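Below is one structure; the comments refer to it alone.
Quick note: numbers below take in every heavy atom, side chains included, and nothing from hydrogens, waters or symmetry partners. Quick caveat, the model's predicted, so the values are computed rather than measured.
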Amino acid sequence: MSLLQMSFTGGILILAVIVIRALAINMLPKKAFHALWGISVVRLMIPFSIQSVFSVYSLMGSHAPGNDLQTIRVQVLEKEYGE
């Protein structure tokens, strides 16, 4: 997983924590929110990823960040060199 993809995953995790916090602010103890933010910080600081079936990218399929850019590069090169 590239650095861009890991940052994107961390951003999604942070958005999930914000949504959970907004919906459950009065139902969960403050320690739960500290744990969720801790998970987010650890995710952003660890420079590798663990493969999992429960992945954001498995939900998105081939639309992961960076895939479209590679497709565009190939198309531009094909147009320039007539391949």
Quiz item: Got a second to check how far Phe33's CZ is from Ile20's CD1, nearest 0.5 Å?
Solution: 8.5 Å

Practice problem: State which residue, out of Val17, Leu15, Leu23, fulfils the side chain to side chain contact (heavy atoms under 4.5 Å, CB included) condition with Val19. | Solution: Leu23

Quiz item: What residues form a side chain to side chain contact (heavy atoms under 4.5 Å, CB included) with Ala24, not counting sequence neighbours?
Solution: Met27, Leu28

Quiz prompt | side chain to side chain contact (heavy atoms under 4.5 Å, CB included) partners of Ile14, counting only residues at least two apart | solution = Ile18, Trp37, Ser40, Leu44

Quiz item: Who pairs with Ala35 by side chain to side chain contact (heavy atoms under 4.5 Å, CB included), at least two apart in sequence or on another chain?
Solution: none

